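What follows is a single structure, written as C-alpha cells, with notes after it.
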Number of protein chains: 4
Amino acid sequence: MGRKKALTERDIFDVTEEILKEEGLQGVHFKKVADRLDVGRSTLYEYFENKDDLLLAYMKRLMDDMNQKVENIPASLPANEKLYKLLLILLEHTQLHQIDRMIRDLQSSDKHAAMFYKEELDVDLMRTYNLMKRWIEAAKEQGAWKQSIDSGLLGDIIFHSILFPNREKMGVESMARQLFEIIENGMTNHDSSPS
Amino acid sequence: MGRKKALTERDIFDVTEEILKEEGLQGVHFKKVADRLDVGRSTLYEYFENKDDLLLAYMKRLMDDMNQKVENIPASLPANEKLYKLLLILLEHTQLHQIDRMIRDLQSSDKHAAMFYKEELDVDLMRTYNLMKRWIEAAKEQGAWKQSIDSGLLGDIIFHSILFPNREKMGVESMARQLFEIIENGMTNHDSSPS
Amino acid sequence: MGRKKALTERDIFDVTEEILKEEGLQGVHFKKVADRLDVGRSTLYEYFENKDDLLLAYMKRLMDDMNQKVENIPASLPANEKLYKLLLILLEHTQLHQIDRMIRDLQSSDKHAAMFYKEELDVDLMRTYNLMKRWIEAAKEQGAWKQSIDSGLLGDIIFHSILFPNREKMGVESMARQLFEIIENGMTNHDSSPS
Amino acid sequence: MGRKKALTERDIFDVTEEILKEEGLQGVHFKKVADRLDVGRSTLYEYFENKDDLLLAYMKRLMDDMNQKVENIPASLPANEKLYKLLLILLEHTQLHQIDRMIRDLQSSDKHAAMFYKEELDVDLMRTYNLMKRWIEAAKEQGAWKQSIDSGLLGDIIFHSILFPNREKMGVESMARQLFEIIENGMTNHDSSPS
DNA sequence: TATGAATGAGTGTTCATTCAT
DNA sequence: GATGAATGAACACTCATTCAT
C-alpha cells in the first residue's frame with residue numbers, strides 16, 4: 001500500500017535531496033531513504049550498488065545540472081559579468097558544498113561505480129573551478145581587476161559563499177548583488193557626504 | 001595495567017586536533033584517538049566522561065585561546081584595523097568552524113558536562129560574532145564603510161574565510177592582507193595604465 | 001543473510017520469558033536472547049527498537065493477558081471470593097512482580113516507544129492494585145472483614161505472594177487455598193481436640 | 001584532603017549500606033563506593049578481594065547481627081511469640097531480602113573468599129529459615145496452630161514481609177502487629193455488631 | 001523488480017580489576 | 001596501606017549490505 005507507482009531513480013534522488021537539505025550528509029541513511037519512499041531497504045540496491053554510489057550519482061546529476069547552466073552563460077559577456085552569473089547559479093545549488101567533504105570521506109572505498117563517479121565528479125568540479133579561475137584571470141588581463149589579488153582567493157570567496165548562513169535571511173538575489181558590490185568596489189565609502 | 005608513561009589531557013587534545021584537521025568532526029572516534037595514543041579505548045573515559053565532552057572541552061580550550069587574543073586587540077584602533085586583526089586571529093584557529101556544526105549535532109545529548117560546555121561555547125562564539133558585527137557597524141557609522149552592504153554578509157565572508165583551501169597555499173599573512181584589500185577596496189583596478 | 005526460518009515476536013517473547021524466569025530482569029541481555037534464538041544480536045533490533053522496548057512490550061502483553069482474566073471475575077461474587085480469584089490469577093503471572101522494579105529502573109530512558117509502554121503499564125498496574133484495594137475495603141464495609149487491619153498490608157500479602165518460593169513446591173491451587181485460609185481465619189486452631 | 005582518617009572496613013560497610021538502601025544491589029559499584037569515601041578505587045581492593053567479596057562480607061555481617069538478635073529470643077516463650085519477635089527483627093534488616101538475589105547472581109563466580117562467604121551465608125540463611133520453620137511446627141504440635149497449613153508458606157509470608165512497600169507507611173511496630181493479627185486470627189470479623 | 005529477513009562490523013559506554021609506585 | 005593510571009570484557013545500539021524468494 002502507499003506506493004506501488006513503480007519506483008524511479010528520480011524519486012530516490014528527490015528524497016535524497018530532501019534529507020540532504022534537512023540533515024546534511026550524515027543524515028542520509030538507506031533506512032531513512034527507504035522509509036520515506038515507503039519501499040523496502042533492499043529495493044534501493046536494485047538502483048544503486050551502495051550508499052556512496054547513490055550519493056555520488058546524486059551529486060553528479062546536480063553537477064551536470066549546474067554545468068549546463070554554466071555553459072549557457074554567454075561567452076560574449078565581460079568576465080566580471082560572467083562571474084556574477086556563475087555566483088547566482090552556485091547559490092542555487094548549495095548542496096554542492098558537500099561534494100568536497102564527500103570526496104574526502106570516500107577515500108577508503110573502492111567500489112567500482114563509486115570510484116567512477118568520484119573521478120568524474122572531481123573532474124567536473126575542477127572544470128568549473130578552473131573556468132571560474134580563467135574568468136577571474138581574464139578580468140585581470142583586461143585590466144578591469146587587480147593583478148595583486150590571488151585568483152584562487154577570489155575563487156574561494158565566490159565558491160564558499162554558498163555556505164553563508166545569511167543567504168537564507170537575505171535571499172539569493174540580494175546576497176549575490178551585495179557580494180559582488182564588495183568584490184568589485186569594496187566596502188570603502190567614497191561618498192563625500194558624512195554619515 | 002598501568003604500564004604506559006602517563007597520558008595527559010594535552011596528549012589527547014593534540015591527537016584530537018590532528019584527526020580533526022585531517023578528517024573533520026566525523027573522523028573523531030574514540031577508537032581512533034585511542035589507537036593513535038596507543039592506549040585502550042576505555043582509558044579515554046578516565047579523562048573525559050564521553051565523546052561530546054572531549055570534543056567540547058577541546059573546542060572550549062581553542063575558543064578561550066582565541067578569545068584571549070581577541071581581547072588583546074587595542075580598543076583604540078579604527079574599526080577596520082580591529083577587524084583585520086580579528087581576521088588574522090581567526091585564520092590561526094581554523095578548527096573553529098566546526099564548533100557551529102558540533103553544537104548543532106549535539107542538540108540531542110544531555111550529559112551534564114557536555115551541556116555546560118555547549119552553553120559556554122555558544123555564548124563565546126556569539127560574543128565574538130557580535131563583536132565582529134559591532135566593529136563592522138562602527139566602521140559604517142564612522143562613514144568609512146558603506147551602509148548599503150549587510151553587516152552579516154561581511155561577517156560571513158570574514159568568518160568563512162577560515163575554510164578557504166587557498167589559505168594553505170598563500171599563508172595566513174598574505175591571505176589576510178589580500179582578503180582585506182578586496183573587502184576594503186574591491187577588485188576594480190583604478191590604475192590608469194592598461195595591463 | 002536471510003537464511004533462518006523466520007523469527008516471530010512470539011519467539012522472542014518466549015525466550016525473554018525463559019530468561020526472566022531463570023535469571024531475572026538483570027539477566028536479559030540482547031546477546032543472550034539472540035544466542036538462545038540462534039540469531040545475530042542486531043536481528044532483534046528489527047523487531048524491537050531497543051531493550052527497554054522489548055521488556056516493556058513483553059510486560060504489557062503479560063499485563064493485558066492478566067487484566068482480561070481479572071475482568072472476567074463476576075462482579076456478583078462476594079468481595080472475598082473475588083479476591084481469591086484474583087490471587088489465583090496473580091499466581092499464574094509471577095513475572096509481574098518485576099514490572100515494578102522495571103518501571104523504576106527505566107526512569108532515565110526516554111525512547112518514544114518505551115515511554116509509551118511505561119506509562120500504560122504503570123496505569124494498568126495501579127488499576128489492578130486499586131481494584132484489589134477496593135475489594136478489600138468492600139469486604140470490610142460489608143462487615144465480613146476487620147476494619148482494624150490496614151488494607152494496603154493485606155494487599156501486599158496477596159501481591160507479594162507471587163514471590164513465594166514455596167509456590168513451586170505446593171502448586172498454585174493448593175497455595176492459594178491455604179493462603180486464603182490464613183487470610184480469612186488465621187492460624188489459630190479452634191479445634192477442641194488436642195493434637 | 002577530605003578523608004585521611006585511616007579507612008576502616010566499617011566505613012566501607014556503612015557506605016555500602018547507604019547505597020544499597022538508596023539504589024539497590026545494582027547501584028553498588030566500586031567507583032561509587034570509592035567516590036563517596038573520597039578514596040581511590042583501587043584502595044578498596046586492599047580490603048576486599050573483589051566486589052562480590054565486599055557484598056557478601058557486608059551481608060554476612062548483617063546476617064550475624066541479625067542472628068545474634070534472634071538467638072537472644074528467650075527459648076522459654078511460646079512458639080508464636082517467638083515468631084513475632086523474629087518478625088520484628090526481620091523487619092529491621094530489610095537489606096536481607098537481597099541475599100537471595102545476590103546468591104543467585106553470583107553462581108558463576110568462583111573467587112575463594114567470595115565462595116566461602118557465599119556458603120556461609122547460605123548456611124546462615126537456611127539456619128534462620130529452618131529455625132522459623134521449627135517454631136511454626138512447634139506451634140502446630142502444641143495444638144495452637146493448624147496442621148492444615150504448610151509451614152513453608154507461613155514462613156514465606158513472614159520472610160517476604162520485609163519487601164512490603166507499606167512497611168514505610170505503617171512503621172515496623174504497627175505492621176508487625178497487624179500482620180500477626182492476620183496470621184493468628186485472620187481477617188474474618190467475629191464481632192456481633194454490624195459495621 | 002521488489003522485498004522480508006537477517007547479519008556483521010563498528011561505535012559509544014560501563015565497570016571490575018590489575019599493577020607499578 | 002594507599003593510589004593513579006590503565007585496561008579488557010561486556011553490552012546497547014546503528015547501519016550498510018546480502019540473499020533467498
Side-chain angles (χ1 to χ4, degrees), chain A residues 3-4 6-8 26 28-34 37-55 109 111, chain B residues 1-8 26 28-34 37-54 109 111, chain C residues 1-8 26 28-34 37-54 109 111, chain D residues 3-4 6-8 26 28-34 37-55 109 111:
Chain A
R3 145 159 321 272
K4 281 293 95 116
L7 187 63
T8 69
Q26 310 305 331
V28 182
H29 307 299
F30 264 35
K31 181 163 200 320
K32 200 179 294 171
V33 175
L37 285 165
D38 199 15
V39 170
R41 229 174 316 172
S42 46
T43 304
L44 298 177
Y45 285 86
E46 298 296 325
Y47 293 80
F48 300 96
E49 285 191 17
N50 54 47
K51 191 185 150 190
D52 291 345
D53 189 29
L54 162 59
L55 246 12
S109 120
K111 324 295 170 75
Chain B
M1 298 162 187
R3 324 195 194 89
K4 298 291 159 32
K5 25 260 211 79
L7 189 61
T8 69
Q26 254 58 37
V28 183
H29 304 298
F30 264 34
K31 171 121 175 39
K32 200 179 291 171
V33 176
L37 286 165
D38 200 20
V39 240
R41 230 185 1 237
S42 53
T43 302
L44 298 176
Y45 286 87
E46 298 293 325
Y47 294 81
F48 298 95
E49 284 190 18
N50 52 52
K51 195 181 145 189
D52 290 347
D53 190 29
L54 162 60
S109 117
K111 325 294 172 75
Chain C
M1 300 163 185
R3 323 191 196 94
K4 297 291 162 33
K5 25 259 213 79
L7 189 60
T8 70
Q26 254 57 37
V28 183
H29 304 297
F30 264 33
K31 171 120 177 36
K32 200 178 294 172
V33 176
L37 286 164
D38 201 21
V39 240
R41 225 179 6 226
S42 53
T43 302
L44 297 177
Y45 287 89
E46 297 294 326
Y47 294 81
F48 297 95
E49 284 191 17
N50 52 52
K51 195 182 144 186
D52 290 347
D53 190 29
L54 162 60
S109 119
K111 326 293 172 72
Chain D
R3 150 159 315 277
K4 282 294 94 113
L7 187 61
T8 69
Q26 311 303 334
V28 182
H29 306 299
F30 264 35
K31 183 161 198 319
K32 200 180 292 171
V33 175
L37 285 166
D38 200 14
V39 170
R41 228 175 317 172
S42 45
T43 304
L44 297 176
Y45 286 85
E46 297 297 324
Y47 293 81
F48 300 96
E49 285 191 17
N50 54 49
K51 192 185 150 189
D52 292 346
D53 189 27
L54 162 61
L55 245 14
S109 119
K111 325 296 171 72

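These numbers come from the heavy atoms of this one structure, side chains and all, not from hydrogens, waters or symmetry mates. Worth saying up front: this structure is predicted, and the values here are computed from it rather than measured. Convention: sequence-line order gives letters A, B, ...; per-chain numbering from 1.
- Look at OH on A:Tyr47: it is 18 Å from C1' on F:dT18, rounded to the nearest Å.
- Qualifying side chain to side chain contact (heavy atoms under 4.5 Å, CB included) partners for D:Tyr47, counting only residues two or more places apart in sequence or in other chains: D:Leu7, D:Glu9, D:Ile12, D:Thr43.
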What does the list of N/O pairs under 3.5 Å between the protein and nucleotides 12-15 of chain E look like, with a distance for each?
from   : atom 1 : to       : atom 2 : distance (Å)
E:dG12 : OP1    : B:Lys51  : NZ     : 3.0
E:dG12 : OP2    : B:Phe30  : N      : 3.0
E:dT13 : OP1    : B:Lys111 : NZ     : 3.3
E:dT13 : OP2    : B:Tyr45  : OH     : 3.1
E:dT13 : OP2    : B:Lys51  : N      : 2.8
E:dC15 : OP1    : D:His29  : NE2    : 3.1

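- Between A:Phe48 atom CZ and F:dT18 atom C1' the separation is 19 Å, expressed in whole Å.
- Residue C:Lys31 comes nearest to C:Arg41 through the heavy atom pair CD-NH1, 3.1 Å, listed as atom of the first residue, atom of the second, then distance.
- Here the shortest heavy-atom pairing between D:Lys51 and D:Phe30 reads CA-CE1, 3.5 Å.
- For the pairing with D:Leu44, the side-chain contact (heavy atoms from CB on, under 4.5 Å) check across D:Asp53, D:Asn50, D:Leu54, D:Val33 returns one residue only, D:Val33.
- In this entry the distance linking CG of C:Leu44 with P of E:dA5 reads 14 Å, nearest Å.
- In this structure, CG of A:Leu54 is placed 11 Å from P of F:dT17, rounded to the nearest angstrom.
- Both key distances under 3.5 Å define a Watson-Crick or G-U pair, and stretches of 3 or more such consecutive pairs in DNA chain E run E:2-21 with F:2-21.
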